[in-house]
Amino acid sequence: MNFAPFPTPLAEAARPWNWRRALLWGALFGLLVVAQSLLVALTLSYEDARAQEHVDQVATEVAARVRQLAGQDLQALQGLLWQDRARPRRMGDEAELLRRLRAVMRIEFRDARLQVLDVAESPYVSPLFKQLPRGQMQVETELACSAAQRQGTQLYSRSYFIPLPGGEGLEVVDLCLPLLNAKAVDSYLVATLSLRHLLEEAVTQDLVRGHELSFVEGDGTRLARTGLSRGAGIYLAERLVDLPGLTLQLKVDASAGRPKLIPNLATALVLGLSLSLFALVILLARDGRRRALAESALAESLAFRHAMENSLITGLRARTMAGSISYVNPAFCAMVGFKAEELLGHGARPDRPDDTPPYWPPEFVEEYRRRHADRSARWAADNRPGGQDPRQGFETVFMRRNGERFPVLIFEAPLLDAQGQQTGWMSAVLDVSDQRRMEELSRQQQERLQATARLATMGEMASLLSHELNQPLAAIASYATASVNLLANEPDDPQTPDLVRQASLRIAEQAERAGRVIKSVHGFVRRREQSRETIAVDQLFDAVLPLVRLQARKSGTRIVLELPEPSPRVRCDRTMVEQVLLNLTRNAIQAMEEHATAPQRLLTLRAAVVDSRWVSISVLDCGPGIPPEVGRQLYTPFFTTRAEGMGLGLSLCRTVVEQHGGAMDYFKREVAPGGTEFRFTLPAANAAPES
Ligand code: ADP
């Protein structure tokens, strides 16, 4: 990853935005946390309230039931009292009643002075006053009965504890029912009720399972309790049970603890939803972030594109298929001198002259329209698999606002949409007027330079002419001398006229040759196009051999020709190539004259076919070879090691060969007696012309 060493302007601009975004995200996150916590808290408190409500309801129900049971017991006991008044007392009825009323432990009949007359005990518990005699435990009973007697109604006593065998005991209350006879109390019926049994009778099995129910005193002392489990002390409800002469306090304590967070279904649901919501928010945040990144990348690339288009010095122009301009960049506007608004939309209506692009010179409008139509048609025809892409440049002329015409180079390419359908044309337009001006200037300079160069080569030409004419002139001189000698010394010899005629013919040949040399050297210096002809190599050899023999004879050099059959044909400027051969053979003969003994002097002229395009020609000698220091300067004009040499021969030879497209080089001959091989190539006559 690349990190910019310094904050870029873009990053600077993005910072406040990031802060704000972070703040917004923080606020959203905080709100979500608060909302979720509230939801959980509300759910928990709802559960709490529901549990409390349930306990309250249980307490109310049980209190009502206790009241109802106490009332029922009272009624049953009253019935017993009234029966007794009508008929003699029968304790069998009491026993029957005690079986029915589970809460009643004992029934006593007492006389007006509260002396116990008769007693019936509940069959469900052991007799109550076994541990302690009844006489010691009837304070509350007596109080209740005396109050009942006073008020003339049945009353409950305060509760008191009766110990039972086995360390247990029962909290009981006595219900005292006075029996009135002629307005005076005749006797009493005292029923002892067990608070625990009363409570057990009042509650159902369902309630017993989840609650602890008890009667308590004002100070919280528990008098009696029931319930299969202990109360948790959290959900409590208390109710007062008012009975005649006695108020009992009922306390209900649910065994359920505080609602727990997870097992609670609603809470779990809320939590699950919250987590999903969080996940959703995170996903949304990531999506938003990715979107923001993509947007900023897009904005950056758009800005980059704009900057690039604005900084381009190449004009850009887009046209629709109909030809109307749909886009131009600032460089294009600057080039033609029109504003973008003046250009956009122009060019779609060929029938309206005012719709032509304003930078089209009026004289070219027709031609430009035709050209555009042609190109579109060609693209439509070629736009198939294997078709040609028309992205080639062409030069044309545009007009500036001030009417000035200027040359432009246009590269046009089809504008394709995302589906690959062509929607128009995109052109890159280059103003080449400066380039053209420079080209014209350099052409003029070139011409001037060439004229100067031609003048400079005049001197070179003069030296060349003298060098090249040396041989024909020497030949003419020797033929002329021979003729003069023949005519002077042997005028009467019948062969003399013939010999002189032959010599004159040779002189004429050499004179003509000298003329050709002058012409060709002149042409060479002026760098004119050479006249090329197809000629067999043996013909070239034949043309130079008389002169070569002339030189060779003097030094006793033998000449060997090595030519393939048939003789290869080459395409060349015959005179120039003959000149090359003459130069090389002359150098070879001279090298051997200086350094080899007569029998070793052997000059070989060899031709060979290199390939279908090239033929090589070699001149081989048995001379001393070329030392490296000489070899380095061999082709430098005026370099020579000979006193009478001019040093132009080899330089001229190489120029001629290169003008033919060939190459020239020399090689040291490895076979005895050594020597040098000069080899050059010429184009074969049947070779295809170079592309
Ligand atoms: P010139 O013949 O007038 O000296 P050239 O350009 O023909 O000029 O040759 C340049 C030099 O190259 C000669 O002076 C000679 O030293 C060397 N040279 C040319 N041909 C040979 C050859 N066949 N063997 C040895 N040296 C050669």
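Keep in mind that this is a model prediction, so the values were computed, not measured. Numbers for residues simply follow the sequence, beginning at 1. For ligands, and for the atoms within them, numbers begin at 1 and follow the listed sequence.
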>> Show the atoms of ligand 1 that are less than 4.0 angstrom away from any heavy atom in R586.
In response: 2 (O)

Checking a contact table here: which protein heavy atom is nearest [atom], and how many Å away?
atom: atom 1 (P) of ligand 1; result: R642 NH2, 3.4 Å
atom: atom 24 (N) of ligand 1; result: A591 CB, 3.5 Å
atom: atom 4 (O) of ligand 1; result: T640 OG1, 2.4 Å
atom: atom 10 (C) of ligand 1; result: F639 O, 3.4 Å
atom: atom 21 (C) of ligand 1; result: F678 CE1, 4.0 Å
atom: atom 8 (O) of ligand 1; result: G647 CA, 3.2 Å

>> For P361, is there any backbone N or O sitting under 3.5 Å from a side-chain donor or acceptor partner on R405?
In response: no

Minimum heavy-atom distance [X]-[Y], with the two atoms named:
X: G315; Y: M335; value: N-CE, 3.8 Å
X: S618; Y: R679; value: OG-CG, 3.2 Å
X: W425; Y: M321; value: NE1-SD, 4.5 Å
X: H346; Y: P357; value: CB-CA, 4.2 Å

> Hey, looking at atom 18 (N) of ligand 1, which of L634, L620, N583, T585 has the closest heavy atom?
Replying inline: L634

> Out of N587, T676, T641, whose heavy atom is nearest to atom 15 (C) of ligand 1?
Replying inline: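 Nearest heavy atom to atom 15 (C) of ligand 1 lies in T641.
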
> Is the shortest heavy-atom distance from the side chain of N583 to the side chain of L650 under 4.5 Å?
Replying inline: no

> Do Y327 and E309 have side-chain atoms, one donor and one acceptor, less than 3.5 Å apart?
Replying inline: yes

> Between W360 and Y368, how do the two ring planes meet: parallel, tilted or perpendicular, split at 30° and 60°?
Replying inline: perpendicular

> For ligand 1, is any non-hydrogen atom under 4.0 Å from D621's backbone (N, CA, C, O), its side chain (CB onward), both, or neither?
Replying inline: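 Side chain only; the backbone of D621 stays clear of ligand 1.
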
>> Side chain, backbone, both or neither: which applies to L650 and ligand 1 if a contact is any heavy-atom pair less than 4.0 Å apart?
In response: both

> Is I626 near ligand 1, meaning one of its heavy atoms is under 4.0 Å from it?
Replying inline: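 Yes.
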
